[in-house]
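Notes follow once the structure below has been shown.
As the structure lists them, so they are numbered: ligands from 1, and atoms in each ligand from 1. Side chains included, hydrogens not; waters and symmetry mates left out as well; all remaining heavy atoms used.
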Amino acid sequence: MTPALSPPTRAPETAPAADLDLAVCTSLLEGLADAAWLVDLHSATVVAANGAAHQLFRCAPQGLLGEPAAGLAASPEDLVWWTEAAAGQFAPLHSDTVVATPDGRALHVSRSIRPVHLRAGDGGSALHALVVLSDRSAEQRAEAQREELLAELQATLESTADGILVTDLGGRVRAFNRRFADLWGMPVSLLQQHDDAAVQAWMARSLADPVAYGQRLQALAQATLISANDRLELVTGQVLERVTRPLFSGGRPQGRVWSFRDLTEGLAAQERIESLSAHDPLTGVANRSRLTECVAQAVLQSRQASGSLALLVVDLDRFRHINDSLGHEVGDRVLLDVAQRIQGCLRQEDLLARLGGDQFAVVVSPADAAAAETTARRVLNVVAQPCSLDGAQFTLTCSIGVALAPSHGSTADELVRHAEAAMRAVKAAGRANYRLHQARAEVDRRSHMKLDHAMRQALVSGRFRLHYQPQVSLDDGRITGAEALLRWRDPELGEISPSRFIPVAEDSGFIVPIGDWVLSQAVRQAALWHSKGLSMPIAVNVSALQFQQGHFIDRVASVLAVSGVPPQLLELELTESILVHDAEEALHRLHALARLGVKMSIDDFGTGYSSLSYLKRFPIDKLKIDRSFVGGLPDDDSDAGIVRAILQMARALGMKVIAEGVETEAQRSFLHDAGCDEFQGYLFAPALDALSFEQRLPTLALPRHERRKPGSPIRLVRG
Ligand code: C2E
Ligand code: MG
Ligand code: MG
């Protein structure tokens, strides 16, 4: 730092001083601790100098005598001063200044030049200048070091992430860093100006609870030796940790150091970590583990209150389509939107959780079945509100299953499982609805297993039979074929309909061995009838799983080969689902079967998803109109329309058409007029065992010349 130079002061010259001679004066000079020398103004040279002066200028004893005064310890103002003094204008000079020594050093000094009148040889007095110079370099160095230290301290203060304020015992600001000003949003000028009252007021104003802060501050101010930590909340929502320590100097408390640390981000991060373990990161609603906890708690509470609670499982319908067509990013946003909608229609005390994927759970407590239904309807409604994302407009629906505690379970796992089962039942029944869990579903599963077991027993014990339902030409009433239909009478369960046991067998995979048995049994019957001169195709129902077996075609080929029956006497009834599932593979198999020479038809036509484009590619001989379209004939316009459309389409594709489930003459007549080829149904005959079929055959399949006229009623002649 540059020392503060005090301007030279000139005092007006006064009366000549006492009479001294040079010798006395010289010895007086030696008594001074400061460097001192005497200048004869007449010659402007040094005439006496003490040891301290010689030391300061680093010269030999007496070495200064005769030196020109102006060059000895010169500062810029000296040149003028010595000239004026020599000209008789002596003005005493006192200054703190920097002087240059002849050997090139710069010295910080306090210098005074005062007049001294010495007795002259002639008895008069000669004006001399007494120059006294006290070296202040050491002091200056100390000052510079202090400054440097302060600068280092300030740099250190600035380098910490904490806001620091140093006050004296009276609370006045002694030091601060910028971070302090930033944390408090305080203008630095306020601190720089040491406007302590304004600083205090600013801090008090920034606090969320200034009263409590004021009280603590007072307590601290009194307890000068106490260190303390506490937290302050600012009106901005920031949370600061404050640490204060007493500041000692010379062993006595002089003030306080306050440091402020911003905890806001850290606390937020911690909060986020806590919430992550309990919340679904995508939607922010509770996750499965939080749901489990909440259900446990709610079950306990409702038990104490002898009440009940409901758990809803909400599953979005066809959500995969959104992901597939609009991308996962949009899918995520839809999930977030749905979560917000559901949350928005719930009560404060209800809990929404995401179970994963597009599945959510809602806990309503307390709630009985009626309250659960109200909530379910509300959720259905908000989810079904139109959605608009990135310009795409769509409507979502959801399926909801509901389980109640304690009647359906008392843990989250149990309740979710039951509610999921109910939700799946909603999906199976066409989606976009809700359903309460029925304890029956559980019973169903058990009876399912029991049925599956009984079926396996039935196959080994030979309790399955085949019945044959005639297929009749609408044109001339001739029997054109028969459909083999499986029959099963269980000793314990009685006669069981295939509509009941076939789905169970399809579910368990047992349909493969059963289907194989049906195939070989039906082909054997065809061979038998063929040998008796009754050559008609027998239609066999083939399940999707059976069709997809790797060896299915080989199996058909070998069954035909073993029986020796012409392949065209076997017809396979396939479902549309077989064709839709892996259409290329299906096409490949159908062609292989066609090459074997077997016939193929599509059963229950119209209930699946066949499209013209691939029907055209498949080697199908016949479409079998599902009986659900036949039931409404001839009055139901929509049924009639569908049947006509199927007929038209089949004609275009060169396929034959058979209608199943024909029960009335009106239906038969409509089908005949519409151009249908064949029919099958109770109107003509139910499925009959092989013997009954044979016995009635003469009456059923009348010789051509005895056949009824086309269009005349055909009645089953009961034997
Ligand atoms: P499906 O292949 O469509 O068989 C026609 C069903 O309609 C048979 O029921 C038959 O008895 C019934 N039916 C016949 N005429 C009439 C009628 O005029 N009115 C009414 N309402 N129904 C009539 P069934 O025998 O109970 O078989 C039901 C289903 O079980 C069959 O439907 C078929 O999908 C399946 N199924 C039966 N046997 C087998 C089999 O051996 N293998 C496979 N995979 N499925 C079979
Ligand atoms: Mg069938
Ligand atoms: Mg059918």
Side-chain angles (χ1 to χ4, degrees), residues 451 455 458-459 463-472 474 479 481-489 495-526 537-549 552 555-556 559 570-578 599-608 620-633 639 657-668 671 678-690 692-693 700 714-716:
L451 202 63
M455 254 185 318
L459 188 63
R463 282 199 284 268
F464 282 115
R465 297 140 19 236
L466 278 188
H467 279 191
Y468 300 89
Q469 185 173 34
Q471 299 180 331
V472 188
L474 272 162
I479 292 177
E483 179 180 8
L485 291 162
L486 197 52
R487 294 293 175 259
W488 171 30
R489 173 181 287 278
E495 188 75 31
I496 303 162
S497 155
S499 330
R500 222 187 119 201
F501 69 80
I502 293 285
V504 175
E506 281 174 333
D507 219 39
S508 72
F510 191 57
I511 191 67
V512 176
I514 297 188
D516 194 65
W517 179 84
V518 172
L519 177 71
S520 55
Q521 190 62 28
V523 168
R524 191 180 303 160
Q525 187 62 57
I538 293 187
V540 171
N541 291 285
V542 177
S543 276
L545 191 64
Q546 190 186 358
F547 182 79
Q548 283 149 16
Q549 296 300 302
F552 179 69
R555 186 68 195 136
V556 172
V559 166
L570 174 64
E571 181 178 306
L572 301 177
E573 282 194 12
L574 311 169
T575 58
E576 286 171 279
S577 65
I578 288 179
K599 303 257 168 241
M600 278 165 290
S601 61
I602 299 182
D603 201 359
D604 307 335
F605 190 78
T607 57
I620 301 291
D621 304 283
K622 208 195 269 184
L623 298 183
K624 204 165 179 187
I625 301 177
D626 190 67
R627 61 177 181 277
S628 61
F629 303 117
V630 175
L633 297 181
D639 282 353
V657 180
I658 179 167
E660 66 179 354
V662 177
E663 295 179 346
T664 67
E665 174 49 31
Q667 290 165 350
R668 193 207 62 81
L671 290 162
E678 298 165 3
F679 80 96
Q680 180 182 337
Y682 297 160
L683 175 69
F684 189 82
L688 304 163
D689 62 73
S692 312
F693 194 99
L700 291 177
I714 299 166
R715 302 198 61 77
L716 169 62

(message) For atom 42 (N) of ligand 1, tell me which residue out of Leu466, Thr664, Asn541 has the closest non-hydrogen atom.
(response) Asn541

(message) Checking the side chain of Glu576 only, and the main-chain atoms of Phe605 only, is there a donor and an acceptor separated by less than 3.5 Å?
(response) no

(request) For the Mg ion (ligand 2), find the closest N/O/S atom belonging to Glu483 and write down its atom name. (result) OE2

(request) Could you confirm whether Asp603 has any N/O/S atom lying under 2.8 Å from the Mg ion (ligand 2)? (result) yes

(request) Check the angle between the aromatic planes of Phe464 and Trp517 and answer parallel, tilted or perpendicular using the 30° and 60° thresholds. (result) tilted

(request) Tell me, please: is Gln680 in heavy-atom contact with ligand 1, that is, under 4.0 Å? (result) no

(message) Which option wins on minimum heavy-atom distance to atom 11 (O) of ligand 1: Arg487, Glu483, Gln667?
(response) Arg487

(message) So for ligand 1, is Val518 a polar contact partner (N or O within less than 3.5 Å, distance only)?
(response) no

(message) Please work out, at 4.0 Å between heavy atoms, whether the side chain, the backbone, both, or neither of Ile514 comes within that distance of ligand 1.
(response) neither

(request) Give a yes/no on ligand 1: does Gly515 have at least one heavy atom closer than 4.0 angstrom to it? (result) no

(message) Within the structure provided, determine whether Leu486 and Phe501 are in side-chain contact (heavy-atom separation under 4.5 Å).
(response) yes

(request) Could you tell me whether a side-chain N or O of Gln549 sits under 3.5 Å from a main-chain N or O of Leu545, the two making a donor and an acceptor? (result) yes

(message) Using heavy atoms and a 4.0 Å limit, tell me yes or no: is Ala687 in contact with ligand 1?
(response) no

(message) Judged on heavy-atom distance to atom 12 (C) of ligand 1, which of Glu573, Arg627, Glu663 sits nearest?
(response) Arg627

(message) Let's go through Arg465 and Asp689 carefully: what are the C-alpha distance in whole Å and the side-chain angles of both, what is the deciding distance for salt bridge (Lys or Arg N to Asp or Glu O under 4.0 Å) to 0.1 Å, and is it a yes or a no?
(response) CA-CA 8 Å; Arg465 297 140 19 236; Asp689 62 73; over 6 Å; no

(request) Would you check if Glu678 and Lys622 make a side-chain contact, meaning some heavy-atom pair closer than 4.5 Å? (result) yes

(request) Classify the side-chain pair Gln680/Glu660 by whether it contains a donor and acceptor separated by less than 3.5 Å. (result) no

